[in-house]
Structure formats: structure tokens, C-alpha cells
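Inspection log for the structure reproduced underneath, given as C-alpha cells.
Numbered from 1 within each chain, the chains take letters A, B, ... in sequence-line order.
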Protein chains: 2
Amino acid sequence: MVRRQLNGAAAPPDPARMFDTVEFRDAYRISYLTNAIVVPTYEAIRRDFGIIRAEYVLLLCLAHFPVLTARDVSRITRMPRNSLSRAVHRMLAEGYLDRSPDPSDGRQARLTLSPRGRGLHEQIVARLVKRQEEILAPLNVKERRQLDRLLGALHE
Amino acid sequence: MVRRQLNGAAAPPDPARMFDTVEFRDAYRISYLTNAIVVPTYEAIRRDFGIIRAEYVLLLCLAHFPVLTARDVSRITRMPRNSLSRAVHRMLAEGYLDRSPDPSDGRQARLTLSPRGRGLHEQIVARLVKRQEEILAPLNVKERRQLDRLLGALHE
DNA sequence: AGAATATAGTTCCATATGGAACAAGACTGC
DNA sequence: GCAGTCTTGTTCCATATGGAACTATATTCT
């Protein structure tokens, strides 16, 4: 079974070669990591757990801060308010969330995870920890510390 | 001007604290970098140059490989074929692209950048190089080499 | 050669996404 | 106290996105 060249005139494009010639290699690498790893991971979560990105983001934030408003989550994650509004309603309907009006401010509502939501979060975390392990597999312990430090520095 | 606490009972959520407690910190950091940097950059390109992600991806690939088929671009970037089909048509209509049927295979078409497309690419590259410079500003030269090496290793 | 299979590109459709406008509640300064 | 302004959460809408089916061409196998 002969593998044809991908196009007649030029050499078959080796995706890796992009990294050698692109003018903003590190940004391109981060973007590539995203498309190759982060996006498919969101996709897998959607497929296996039935929640979309905004819902997952909500879950993650509430698992780390016991009580938040939708606006808080928006600020933490930079996700638009309307996407989070939808997410809150769907998570409420699924029983992953509890919501109670803030007595001191009639506009906002205090959100917390229900036990069911906490269970879902634990499942997803297990999945993501495993996925991160696969991603970082090429690095040894010292290199992982370096990467962690460098990524941390990028957040200022 | 007093800044109110973001919610009544708990401490105001410090987004950075997520990095301390999340169970998959590095994956989260990469994802966060994406949402905070890569996505807004795509957004700025869309706003300022009027092209969307698939179109930008097409432009970038063709700037680095002189002639490709749409399928090649799909393989390089892992972007679905139909998104690229749309992108090709819009870039053709805008005059950024040339397309000629492959004489040896009636199914595929050979794509190349027009001079206009090359000009657009140069503008966008200048923008992205500047943006990367801002992103990497917190790192010194040695740290940048380290980061580059580590990100490279992650691609196996 | 002809049937079965594979591939490139396209179209159709369902859904995710975010901007903008809006309503209700809260704050500001006079 | 109240007019003007700001903030939260919501709805409406336009668009980006990708899965799946489809057409036309190419390849493989007998």
C-alpha cells in the first residue's frame, strides 16, 4: 500500500516543521497545545459527562470557592455573564447546584455545589488528573518543576 | 471608594488562588493561558482584520508551505474539513487565496497565497510577534529558552 | 473491466458562543 | 428624597463550530 504524497509539487507537509519556521514559536506552541489537548479534553468531558465548557467552569470554580455568585465566576474565568447564566440554569435543572438569593443584595444569588455536583466534580477531576499525567509524561520531575515555575511566572 | 466584598459570607475570590488548590495545576495553567491570551488574540485578529480562526489558520499554513490542499491544512491543524472549506471560499472571495484544480487528482485543489494574502499574513505576524513579546515579558532570555525546550518536549 | 472501498470537498443541520439590549435592584451626590 | 448611574442576571440574536451525510473522483481487488 503506497502512501501518495499529499500534494503533487511540494514535499508532504510535516506539521512539526511549522514549529521551526513560525515567527512566534512559543505562542504557537501554547496555541497548539490548546487545540491538541485542552479542546479535546473539554470535548471528552462533554461527551462523557454531558456538560459543556461553561458548566464545567462553573463546577470547577464552585469546587474551589464554597460560595460564589455567577458574576464572581465570570470574573475568575473571564467567561461572559450570559454563558454563565445559561450554565447556572442547566446545572440547577440537573441538580448539580443550589442557588439562594443573597439577603443583602436582591440582584445576586449565592451559588453552591450540591452533593451531586461535588460527586460530578470528583469524577471529572480524576479524569483531568489522568489526562495531565499523560500530557506531562515526556517530562521528568525536575522539568515539571521548571515548567510549573515558568507557567506561573507568565501569569505575573 | 470602598470596594465591596464580592459575596457576603466568604472571602472575595482571588482568581490566582485557583492555581494553588486545583488538582491539575499545569493543565489548568495552560488552559488559563489559552483563555486569557490565545482566545483574545484570535478575537483581536477577527476584529482588526476581519478573518476568523479557520481563515487565519489557513493563512498561516499557506505562508509556511507554499502549496497545500484543504485536506493538508486539516491534517496539520486538526481543524475539521468543513470549517476549512468555508474558510477557503471566503478567502478566495476576498482575494487572499488562489486555487487551481490538481491535474493529477480531480478531487483536490492546490491552494496558494495571493500577494494580497501574503500581505495580510505579514501584518498579522507582526501583531502576533508583538503579542508574544508581551506575553513572555516576565521571562528573561534563559527562562525563555527553558520554556521553549519544555513546550517542545511536550509535543513529543 | 467492474465492484467495492477510500478520499477530497461540500452542504445541511444542531449547538455553542458572545455581543448588545434590557429589567430589577443598589448606590451616589445633591 | 430622588434623579442619575452602576451592577447583576437575563433574553434576544447573529455567528462560529463541528458532526454527519452526500457527490465526485481515485484506488484496490478480483
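- To the nearest angstrom, C1' of D/dT8 lies 8 Å from CG of A/D105.
- Ion pairing between A/R107 and A/D102 fails under the 4.0 Å rule for side-chain N and carboxylate O.
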**Request:** Report the C-alpha separation of B/L60 and B/T77 in whole Å, then their side-chain angles, then the decisive distance to 0.1 Å, and conclude whether the side-chain contact (heavy atoms from CB on, under 4.5 Å) test is met.
**Result:** CA-CA 10 Å; B/L60 184 69; B/T77 63; over 6 Å; no
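- Comment: B/E133 engages B/R144 in a salt bridge, judged by a side-chain N to carboxylate O separation of less than 4.0 angstrom.
- Within a 6.0 Å sphere centred on CZ of B/R78, heavy atoms belonging to other residues, nucleotides or ligands number 12 at most.
- Relative to the axis of its first five pairs, the axis of the last five pairs of the helix from C/dA1-D/dT30 to C/dC30-D/dG1 sits at 30°, rounded to 10 degrees.
- With A/F19 as the aromatic partner, A/R25 does not meet the cation-pi criteria of under 6.0 angstrom to the ring centre and within 45 degrees of the ring axis.
- Atoms CG (A/L58) and P (D/dG9) sit 11 Å apart, rounded to a whole Å.
- Using modelled atom types, one side-chain atom of B/S114 and one backbone atom of B/G95 make a donor-acceptor pair closer than 3.5 Å.
- Side-chain contact between B/V141 and B/R145 is present, with at least one heavy-atom pair separated by less than 4.5 Å.
- In this structure B/F49 satisfies the ring pair (Phe, Tyr, Trp, His ring centres under 6.0 Å) test with no other residue, sequence neighbours excluded.
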**Prompt:** What one-letter contact string describes nucleotides 9-18 of chain C from 5' to 3', where B marks a base within less than 4.0 Å of any protein heavy atom, S marks contact via sugar-phosphate atoms alone, and - marks no contact?
**Reply:** BBB----SBB
